[in-house]
Amino acid sequence: MTKGQFPIGKLNNIQTPFYYYDSELLRETLRVINNEAKKHEGFCVHYAIKANANPKILRIIREAGLGADCVSGGEIEACIKTGFPSSKIVYAGVGKSDWEINLGLDNDIFCFNVESIPELEVINQLAAAKGKVARVAFRLNPNVGAHTHANITTGLAENKFGIDMHDMLRVIEEASVMTNVKVVGLHFHIGSQILDMGDFEALCNRVNELQLELERHRIVVEHINVGGGLGIDYQHPNRVPIPDFKLYFDTYAKKLKLRPGQTLHFELGRSVVAQCGTLFTRTLYIKKGKIKQFCIVDAGFTDLIRPALYQAYHKIENISSDEPAETYDVVGPICESTDVFAKQIDLNCCHRGDLLAIRSAGAYGEIMASQYNCRRLPQGHMSDEI
């Protein structure tokens, strides 16, 4: 979507800050995902709910037939309320509480992605109390370092997530004597916002090695889950609105050696929803210093925390102005010095009341919003409902 394609007249009537979701782009992204995944036998795609749990977004994704990847009981509840089949829900997370595990058991979800032996023991106990057998996959740390921000790298050996791969056989052996769990798969996730296919190839190589080790002990699992992690182009949301899902799925098809009958599960989040979302904010003041000038807007890190949390880049456009560009620091109203969206960027000359579009904000935007400073939560609006 280019700047001129936003329905400025309609958007000007909405209280800022707010999220705007391009329904058509989301549906086209899902169409591409489904078309590319179905070219490969046994590929199953789940949507990572943590990226964006707006009910209207979830409904479109559920209608496209994707499963769900959840990391909390609340996300499981959101999926069930939206109509995702329980048989397509996987539940991960290092700190599953009893009520969350029971919720998964009561709804007969597809699988628990188990991240420690103590967790496995609790799932076994809770399943026994209900007379059920819980399907589990072990999340293993393949010790693959992804080329991404340190805060979103999750596949190294020393990490709060997952089980050290050297403990794989011992954990499977312990599970084999438990009467109320059934090991159905292995789960991996090496990080997020990954654009180098070499990282995914490295994961494939490690999974291939682990499968050979298991087979030496006569163990074959039904499912392999490689998580998600595919990134998007934050620099060029107009030029690259849909990630290269063909290359992504083809990489796994070529490099990962599945056994006959095995299914391969993906947990895509950011790559599904990021580009369809834009945070709109209005200019409050232009403050000129001796060297800098600040564009002070009504959105803050309470609405989009990624720039403050990760120093993340988001393309910003002034859709109200066609005047020559000037250089600004774009900052919010929060009483914190880290409440900055961008420094020293060029925008069409800004004036009080101008509408600014902060692009590629559909993932980890609205869902991470807070009410710090007693601010109101931003609302999300779909393009086909405005």
For this session: Check the pair His314 / Leu279 against side-chain contact (heavy atoms from CB on, under 4.5 Å), numbers first and verdict last.
Result: CA-CA 10 Å; His314 286 266; Leu279 175 62; over 6 Å; no
Exercise. Are any non-hydrogen side-chain atoms of Gln193 and Tyr310 less than 4.5 angstrom apart?
Worked result: no
Problem set entry | Separation between CD1 of Ile89 and SG of Cys79, rounded to the nearest 0.5 Å | 5.0 Å
For this session: Apply side-chain contact (heavy atoms from CB on, under 4.5 Å) to the pair Leu268 and Asp69, showing each step before the final yes or no.
Result: CA-CA 8 Å; Leu268 298 172; Asp69 161 43; over 6 Å; no
Exercise. Listed by chain and number, what are the side-chain contact (heavy atoms from CB on, under 4.5 Å) partners of Ala363, not counting sequence neighbours?
Worked result: Ala51, Arg270, Val273, Ala274
Exercise. Are Tyr91 and Glu100 close enough, and set up right, to give a side chain to side chain donor-acceptor pair (under 3.5 Å), and what steps lead you there?
Worked result: CA-CA 9 Å; Tyr91 178 24; Glu100 292 172 312; 3.2 Å; yes
For this session: For Glu222, check salt bridge (Lys or Arg N to Asp or Glu O under 4.0 Å) against everything at least two apart and list the hits.
Result: Lys182
Seminar exercise, completed: Across all chains, not counting sequence neighbours, the side-chain hydrogen bond (donor to acceptor under 3.5 Å, both in side chains) partners of Asp244 are none
For this session: Determine yes or no for a side-chain-to-main-chain donor-acceptor pair under 3.5 angstrom, with Tyr47 supplying the side chain and Arg62 the backbone.
Result: no
For this session: Test Glu75 against Lys50 for salt bridge (charged side-chain N to carboxylate O under 4.0 Å, His left out), laying out the working first.
Result: CA-CA 8 Å; Glu75 290 188 355; Lys50 66 179 181 176; over 6 Å; no
For this session: Can you sort out the partners of Thr29 under side-chain hydrogen bond (donor to acceptor under 3.5 Å, both in side chains), two or more places apart, ordered by chain and number?
Result: none
Seminar exercise, completed: Across all chains, not counting sequence neighbours, the side-chain contact (heavy atoms from CB on, under 4.5 Å) partners of Ile386 are Lys10, Leu11, Ile14, Tyr20, His381
All N/O donor-acceptor pairs, side-chain side in residues 104-112, below 3.5 Å, sequence neighbours left out:
{"from": "Asp106", "atom 1": "OD1", "to": "Lys130", "atom 2": "NZ", "distance (Å)": "2.8"}
{"from": "Asn107", "atom 1": "ND2", "to": "Leu103", "atom 2": "O", "distance (Å)": "2.9"}
{"from": "Asp108", "atom 1": "OD1", "to": "Lys132", "atom 2": "NZ", "distance (Å)": "3.2"}

Problem set entry | Under 3.5 Å donor-acceptor, Ser321 side chain and Cys349 backbone | yes
Seminar exercise, completed: Smallest heavy-atom separation, Leu58 atom then Ala53 atom, equals CD1-O, 3.7 Å
Exercise. Do Glu366 and Tyr21 pass the side chain to side chain donor-acceptor pair (under 3.5 Å) test, and can you show the C-alpha distance, the side-chain angles, and the key distance before you say yes or no?
Worked result: CA-CA 11 Å; Glu366 181 185 354; Tyr21 298 111; 2.5 Å; yes
Less than 3.5 Å apart, which donor and acceptor atoms pair up between the side chains of residues 289-298 and the rest of the protein, not counting sequence neighbours?
{"from": "Lys292", "atom 1": "NZ", "to": "Asp329", "atom 2": "OD2", "distance (Å)": "2.9"}
{"from": "Gln293", "atom 1": "NE2", "to": "Glu326", "atom 2": "OE1", "distance (Å)": "2.8"}
{"from": "Gln293", "atom 1": "NE2", "to": "Thr327", "atom 2": "O", "distance (Å)": "3.3"}
{"from": "Asp298", "atom 1": "OD1", "to": "Thr281", "atom 2": "OG1", "distance (Å)": "2.6"}
{"from": "Asp298", "atom 1": "OD1", "to": "Arg282", "atom 2": "N", "distance (Å)": "2.9"}
{"from": "Asp298", "atom 1": "OD2", "to": "Thr16", "atom 2": "OG1", "distance (Å)": "2.5"}

Exercise. Going by the side chain to side chain donor-acceptor pair (under 3.5 Å) test, which pairs reach into residues 247-257, not counting sequence neighbours?
Worked result: His40-Asp250, Lys246-Asp250
For this session: Would you indicate whether Glu24, at its atom CD, is surrounded by more than 12 heavy atoms from other residues, nucleotides or ligands within a distance under 6.0 Å?
Result: no
For this session: Output, in order, the C-alpha distance, side-chain angles, deciding distance and verdict of side-chain contact (heavy atoms from CB on, under 4.5 Å) for Glu209 and Met165.
Result: CA-CA 11 Å; Glu209 294 170 3; Met165 64 179 182; 6.0 Å; no
For this session: Just jot down the salt bridge (Lys or Arg N to Asp or Glu O under 4.0 Å) partners of Lys56, sequence neighbours excluded, or say none.
Result: Glu385
Problem set entry | Audit row: Thr302, Arg375, side chain to side chain donor-acceptor pair (under 3.5 Å) steps and yes/no | CA-CA 8 Å; Thr302 52; Arg375 286 170 56 82; 2.8 Å; yes
For this session: List in chain and number order the residues that pass side-chain hydrogen bond (donor to acceptor under 3.5 Å, both in side chains) with Ser360, two or more places apart in sequence or in another chain; answer none if no residue qualifies.
Result: Gln275
For this session: Applying side-chain contact (heavy atoms from CB on, under 4.5 Å), name anything that partners Ala64, two or more places apart in sequence or on another chain.
Result: Leu30, Asn34, Leu66
Problem set entry | Glu121 versus Glu174, closest heavy-atom pair with distance | OE2-OE1, 4.5 Å
Seminar exercise, completed: Separation between CD (Gln379) and CG (Leu377), nearest 0.5 Å, reads 7.5 Å
Exercise. Taking only residues two or more places apart in sequence or in another chain, which ones pass side-chain contact (heavy atoms from CB on, under 4.5 Å) with Asp339?
Worked result: Phe301, Pro333, Ile334
